[in-house]
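As structure tokens, the structure follows; a few thoughts come after it.
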Amino acid sequence: MYNRAHQRFGTLIWKQSQENKIATNSCINCPATVAACMLGELTGDNSWYDKALTIYAGQRKLLYNAETGEVWDSGAWTADGEREPGANHWVSTYNQGTMLGAATLLYLYTKDSMYLEDAKKVYERSRDHLTNNNKIISVCQTVNGDLCGFKGILMRYVRTYAETFHLEEPLQWMEKNAWHAWQNRNSGGVIWSAWLTKTAESLTRKEGDDEKDVTNDAFGASTAVSVAFNAHVNRRFAKSVSEGLQPEYFDDIKFAQLTEDATEGRVTTPALSGGWICFRNVDFGQDGVSSLDLRLKATKARSFVQVYVDELTDDGLMGRNSGFLTRGDWSDVVVPFKSGVTGVHDVYIRFSGEGVQVGGIKSTGSSSGGHKILKR
């Protein structure tokens, strides 16, 4: 796709049949940037990030207002690579959301503050100018067609933004919108995309200049699910290792699932090898922590866990349990850190080997050498 669509000014063409070959759209550039970042992360091939950076640079120059945080819908280049007059300055929740995601992922890769500032401006513009006086999203109040699902796309990237930069306010904003949408459900529990009005029992309403009857689209109904889920899975933003971490308070998870364990009487996380569970905004305190005590169980041989702080890289790897886990029974396993950890961080527990489960986490030692007995 990139080879077919890439323009010499960095952006992507909408479709091969378009008449103006140097015109482009935010709804192509921003999702492609997100996809390229994800491919870079998954494959370890930084050439995907190079493509993401190139697309984003063109998008930012042509279809973004860095002063206001507006992501414009579409436009075209002049022959010398400048902005052609007459761009479509329509601002949508979809384009705001995907550029928010692109800026956030590129910040994680580059640590360039420009991307952080872009993400902040895009989020604040969305929150303050695509909403009513109560900060409830007031655009996309249609219940049919592509437009009805746009704000659900915004919500997934607001969550990415909030969790990446440890911001609680965006999660609270989404929760407020989720609650408003929930109040406008019908008796069947369906919430259409027009969150500002009560969902009709018939799921139909009149829209447009000709007052045409339209029926609720499933894509539109998904927006309420998106905002409710992304507002925060566990409703616990701040966490502390001194109080212990239970699996049900996870913030992100990959190749793993939550399940009840009858012998433990708690939620645990069976995982595939390479899977992980992440707890964000975890406070390690001022004295610091030099190890964690994990409640673990393995059903197969040659299994172990690794603990990462902030990122799943060699730089973020703090330690792993010694040897391999004993198969069968639950046990408390100490994972010593290569250095003490203080302050607030994201914590990843990564599983190597099949059939590993984690039932709880607590800190066992401070950086100064003292031992803490803390509830799990």
Side-chain angles (χ1 to χ4, degrees), residues 69 91-98 100-101 104 119-205 207 214-239 246-253 258 267 278-281:
V91 175
S92 70
T93 51
Y94 183 99
N95 290 335
Q96 293 291 117
T98 53
L100 175 61
T104 301
K120 181 175 183 291
K121 286 289 185 65
V122 170
Y123 165 68
E124 291 179 349
R125 187 73 186 186
S126 305
R127 180 198 62 196
D128 297 339
H129 292 269
L130 299 179
T131 57
N132 62 15
N133 290 337
N134 292 320
K135 294 291 188 289
I136 305 300
I137 291 181
S138 56
V139 297
C140 306
Q141 293 300 304
T142 180
V143 303
N144 191 268
D146 284 351
L147 190 66
C148 69
F150 279 13
K151 54 183 171 280
I153 304 300
L154 170 63
M155 296 308 162
R156 72 171 65 160
Y157 294 114
V158 171
R159 176 180 173 177
T160 300
Y161 167 71
E163 293 188 338
T164 297
F165 299 113
H166 303 284
L167 302 171
E168 188 170 14
E169 185 275 329
L171 301 173
Q172 294 172 335
W173 174 68
M174 285 195 293
E175 185 175 353
K176 182 177 182 179
N177 274 265
W179 181 248
H180 188 97
W182 174 245
Q183 299 312 305
N184 278 325
R185 69 194 184 279
N186 67 12
S187 63
V190 177
I191 305 169
W192 60 17
S193 185
W195 292 353
L196 298 181
T197 59
K198 189 75 172 178
T199 306
E201 294 297 314
S202 65
L203 299 177
T204 62
R205 63 183 244 158
E207 290 185 354
V214 294
T215 303
N216 178 63
D217 193 310
F219 189 32
S222 74
T223 60
V225 179
S226 178
V227 67
F229 179 82
N230 288 299
H232 227 235
V233 172
N234 58 55
R235 292 185 56 83
R236 179 175 291 186
F237 180 77
K239 309 168 191 69
Q246 300 298 332
E248 59 262 39
Y249 295 119
F250 80 101
D251 296 288
D252 206 353
I253 197 168
L258 298 182
V267 173
C278 177
F279 302 89
R280 301 193 187 277
N281 307 296

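Worth saying up front: this structure is predicted, and the values here are computed from it rather than measured.
- Taken from CG in Asn177 to CG in Asn230, the straight-line distance is 12.0 Å, to the nearest 0.5 Å.
- Two residues are said to be in side-chain contact when any heavy atoms from C-beta on lie closer than 4.5 Å; Leu154 and Ser126 meet this criterion.
- Counting all heavy atoms, side chain and backbone alike, Ala224 lies closest to Ala181 at CB-CB, 4.4 Å.
- Arg159 pairs with exactly one of Arg156, Glu163, Met155 by the side-chain contact (heavy atoms from CB on, under 4.5 Å) rule, that one being Glu163.
- Here the NE2 atom belonging to His129 is positioned 9.5 Å from the CD atom belonging to Glu124, to the nearest 0.5 angstrom.
- To the nearest 0.5 Å, the span separating CG on Leu203 from OG1 on Thr215 amounts to 7.5 Å.
- The heavy-atom pair separating Ala194 from Val143 by the smallest distance is CB-CG1, 4.0 Å.
- No side-chain heavy atom of Val122 sits less than 4.5 Å from a side-chain heavy atom of Arg125.
- With sequence neighbours excluded, the residues that form a side chain to side chain donor-acceptor pair (under 3.5 Å) with Trp195 are Thr223.
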Given the rule in the side chain to side chain contact (heavy atoms under 4.5 Å, CB included) test, do Tyr157 and Thr104 qualify, once you have shown the distances and angles that lead to the verdict?
CA-CA 9 Å; Tyr157 294 114; Thr104 301; over 6 Å; no
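- Within the 4.5 Å cutoff, side-chain heavy atoms of Thr131 are placed close to those of Ile137.
- The nearest pair of heavy atoms linking Thr93 to Lys151 is OG1-N, 3.2 Å.
- In terms of heavy atoms, Phe219 sits closest to Gly145 at CD2-O, 4.3 Å.
- Side-chain atoms of Pro247 and Leu258, non-hydrogen and from C-beta on, do get closer than 4.5 Å to each other.
- Lys239 places a side-chain N or O within donor-acceptor distance of the main-chain N or O of Phe237, the cut-off being under 3.5 Å.
- Rounding to the nearest 0.5 angstrom, the gap separating the CD atom in Gln172 from the CD atom in Glu169 is 7.0 Å.
- In this structure, CD on Glu175 lies 14.0 Å from CH2 on Trp182, to the nearest 0.5 angstrom.
- Ring geometry for Trp173 versus Tyr123: interplanar angle over 60°, hence perpendicular rather than tilted (30 to 60°).
- Taking both residues in full, the closest heavy atoms of Leu196 and Asn184 are given as C-ND2, 3.7 Å, listed atom of the first, atom of the second, then distance.
- The two residues Tyr249 and Phe279 have their closest heavy-atom pair at O-CD2, 3.6 Å.
- Expressed to the nearest 0.5 Å, how far CD1 of Ile153 lies from CD of Gln96 amounts to 14.0 Å.
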In sequence, state the C-alpha distance, the side-chain angles, and the governing distance for Asn216 and Thr199, and then conclude on side chain to side chain contact (heavy atoms under 4.5 Å, CB included).
CA-CA 9 Å; Asn216 178 63; Thr199 306; 5.8 Å; no
Where do Glu168 and Asn281 land on the side chain to side chain contact (heavy atoms under 4.5 Å, CB included) test, with the steps shown first?
CA-CA 10 Å; Glu168 188 170 14; Asn281 307 296; over 6 Å; no
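- Looking at Arg205 and Thr197, their side chains come closer than 4.5 Å, going by heavy atoms from C-beta outward.
- Under the 3.5 Å distance criterion, the side-chain polar atoms of Glu201 are left unmatched by any main-chain donor or acceptor of Asn186.
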Do Cys148 and Thr142 pass the side chain to side chain contact (heavy atoms under 4.5 Å, CB included) test, and can you show the C-alpha distance, the side-chain angles, and the key distance before you say yes or no?
CA-CA 5 Å; Cys148 69; Thr142 180; 4.0 Å; yes
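- Looking at Asn134, its side chain never comes within 3.5 Å of a backbone N or O of Ile136 through a donor-acceptor pair.
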